[in-house]
Amino acid sequence: MKIRVHDIKDKELVLAGEEQIVDYPTLHAMETAGECRFVKPLAVNLTVVREYDHIRVQGNVATSVGMGCSRCLGDTVHDVVSAFTIFYSRDAGLPQDEEEVELAEQDLISATYEGDEIDFSGEIAEQVLLAIPLKPLCREDCRGLCGICGADLNVTECGCDRQVINPKFSALKNFKAEK
Ligand SMILES: [Zn+2]
Ligand SMILES: [Zn+2]
């Protein structure tokens, strides 16, 4: 999703649309690597306005991702939603450090643009990546797989004695008993 800087006036400009994953290289790469699959295109809404010496973009992005449950490996689908504010200033070749520190305190994102076009795709992809769950669960109380026989404990109780599989725990038990 792009905009010509020339078209941004003092009045708010709303950009809304569905974006295809293939147009977002970092997201598409995740999908190709099998880390997740996007079950919907990105629904993007941006409000763009010129302010002082920068361009303020307030927006949100939503999609759904299919992933393997981190406990039982079963298929899960998660809604991914993110709201953000980004300040774009023209890249004047100045060091960025100071400004970024200042803005970080407000939990806002600062970015730069060059030329007469702003491409929002990089920042949008970043927001989606941050909102994807790191350890997705098919449900809060997923029981996972048996560490001994690999059975899905949500479906069956295999009857294995799982108390003994973790030597760390047994060491801890002994330690406590000695005290
Ligand atoms: Zn699960
Ligand atoms: Zn088992």
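This chain uses plain numbering: 1 for the first residue, then up along the sequence. All ligand and atom numbering here is 1-based and tracks the order in the structure. Because only heavy atoms are used, hydrogens play no part in the values below, and waters and symmetry mates are left out as well, while side chains stay in.
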To check your reading of the site, what angle at the Zn ion (ligand 1) do SG of Cys138 and SG of Cys142 form, to 10°?
110°

The angle formed at the Zn ion (ligand 1) by SG of Cys69 and SG of Cys72 is about (to 10 degrees) 110°

Are side-chain heavy atoms of Glu19 and Tyr24 found at a separation under 4.5 Å?
yes

SG (Cys149) to the Zn ion (ligand 2) to SG (Cys146), nearest 10°, is 110°

Is Leu42 close to Ile21 at the side-chain level, that is, under 4.5 Å between some pair of heavy atoms?
yes

Under 4.0 Å between a Lys/Arg side-chain N and an Asp/Glu carboxylate O for Arg143 and Asp141?
no

Hey, is the main chain of Met1 close enough, under 3.5 Å, to the side chain of Ser121 for a donor-acceptor pair?
yes

